[in-house]
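A quick write-up on the structure given underneath.
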Amino acid sequence: MTNSDPLDALEAVIRSRRGGDASASYVAALFEKGRAKIAQKVGEEAVETAIAAVQGDRAALKGEAADLLFHLIVLLVDAGLRLDDVRAELARREGLSGLVEKAARTAPPPPAPVEPPPPAAVPLPLGQDEGAPTAAPLQSGSAETGRPRPLPSATGGF
Ligand SMILES: N=c1c2ncn([C@@H]3O[C@H](COP(=O)(O)OP(=O)(O)OP(=O)(O)O)[C@@H](O)[C@H]3O)c2ncn1[C@@H]1O[C@H](COP(=O)(O)O)[C@@H](O)[C@H]1O
């Protein structure tokens, strides 16, 4: 099978260099140095890419972007990922505006549930003093503890 995408072809070559002769292959030497070194190269190339862009140097930007992509693929391969994994992630995001996604990320948390108000005092019927028996309370107490039970919420409880 032929690789028509140059990035796929490059990924295949990079993959084939794992465990190779570090004295004969830059990629094999990178793998040998380890993930921290590869990640450092990605960081350096990213900074150089950004500098070239800010300086408006299109030729340098093209070269640095190529260096960045190359080292990023080495890092992905070292981490056991494929370009197809990145493509799938980008496809998953297709159609989701970065502005919408960011707004959802920074949305304030929903308000805390409101505690029900304490039960209102039951007014005494006219002519009845405090010592006399009163009407049954709106809220019945627990038979076991005598403490008032919490009011049920409108939605059936918390
Ligand atoms: N696309 C590239 C590619 N892009 C950049 N580079 C190398 O990446 C290095 C980056 O340059 P720097 O000056 O930043 O790095 P450095 O100073 O050499 O490295 P450090 O001392 O910082 O570790 C250079 O040596 C470039 O030649 C690449 N090396 C290889 N490839 C591809 O990878 C394939 C396999 O390469 P080998 O494994 O070397 O056969 C090649 O056929 C190419 O297709």
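These numbers come from the heavy atoms of this one structure, side chains and all, not from hydrogens, waters or symmetry mates. Order of appearance sets the numbers: ligands from 1, and atoms from 1 within every ligand.
Scanning the protein for heavy atoms near atom 4 (N) of ligand 1, the closest one is Phe70 CD2, 3.4 Å. The nearest heavy-atom contact from the protein to atom 38 (O) of ligand 1 is Ser25 OG, 2.4 Å. Protein heavy atom nearest atom 5 (C) of ligand 1, with residue, atom name and distance: Asp67 OD1, 3.4 Å. With respect to atom 25 (O) of ligand 1, the closest heavy atom belonging to the protein is Tyr26 CE1, 3.8 Å. Regarding atom 40 (O) of ligand 1, its nearest protein heavy-atom neighbour is Arg17 NH2, 3.0 Å. Nearest to atom 21 (O) of ligand 1 among the protein's heavy atoms is Lys37 NZ, 4.6 Å.
Taking a cutoff of 4.0 Å between a charged side-chain nitrogen and a carboxylate oxygen, Asp85 and Arg82 do not qualify as a salt bridge.
The shortest N or O to N or O distance between Glu44 and ligand 1 is not under 3.5 Å. For the pair Ile14 and ligand 1, the shortest N or O to N or O distance does not fall below 3.5 Å.
When the options Glu64, His71, Lys41 are ranked by their closest heavy atom to atom 14 (O) of ligand 1, first place goes to Lys41. In this structure, of Val13, Leu10, Val74, Leu30, the residue bringing a heavy atom nearest to atom 32 (C) of ligand 1 is Leu10.
For atom 42 (O) of ligand 1, no protein heavy-atom neighbour is found at a distance under 4.0 Å. Protein heavy atoms are absent from the 4.0 Å sphere centred on atom 27 (O) of ligand 1. Distances from atom 9 (C) of ligand 1 to the protein include at least one heavy-atom value under 4.0 Å. Distance screen at 4.0 Å: atom 23 (O) of ligand 1 has a protein heavy-atom neighbour inside the cut-off.
Looking at Asp8, its side chain never comes within 3.5 Å of a backbone N or O of Asp5 through a donor-acceptor pair.
Following chains of ILVMFWY side-chain contacts shorter than 4.5 Å, one can reach Phe70 starting from Leu7, so the two form part of one hydrophobic cluster.
Other residues, nucleotides and ligands contribute more than 12 heavy atoms inside 6.0 Å of the CZ atom of Arg15.
Among the candidates Leu81, Val74, Ile73, the single residue satisfying the side chain to side chain contact (heavy atoms under 4.5 Å, CB included) test with Val77 is Ile73.
When hydrophobic side chains of Ile, Leu, Val, Met, Phe, Trp and Tyr are connected at separations under 4.5 Å, Ile51 ends up clustered with Val47.
Residues passing the side chain to side chain contact (heavy atoms under 4.5 Å, CB included) test with Arg35, sequence neighbours excluded: Leu75, Asp78, Ala79.
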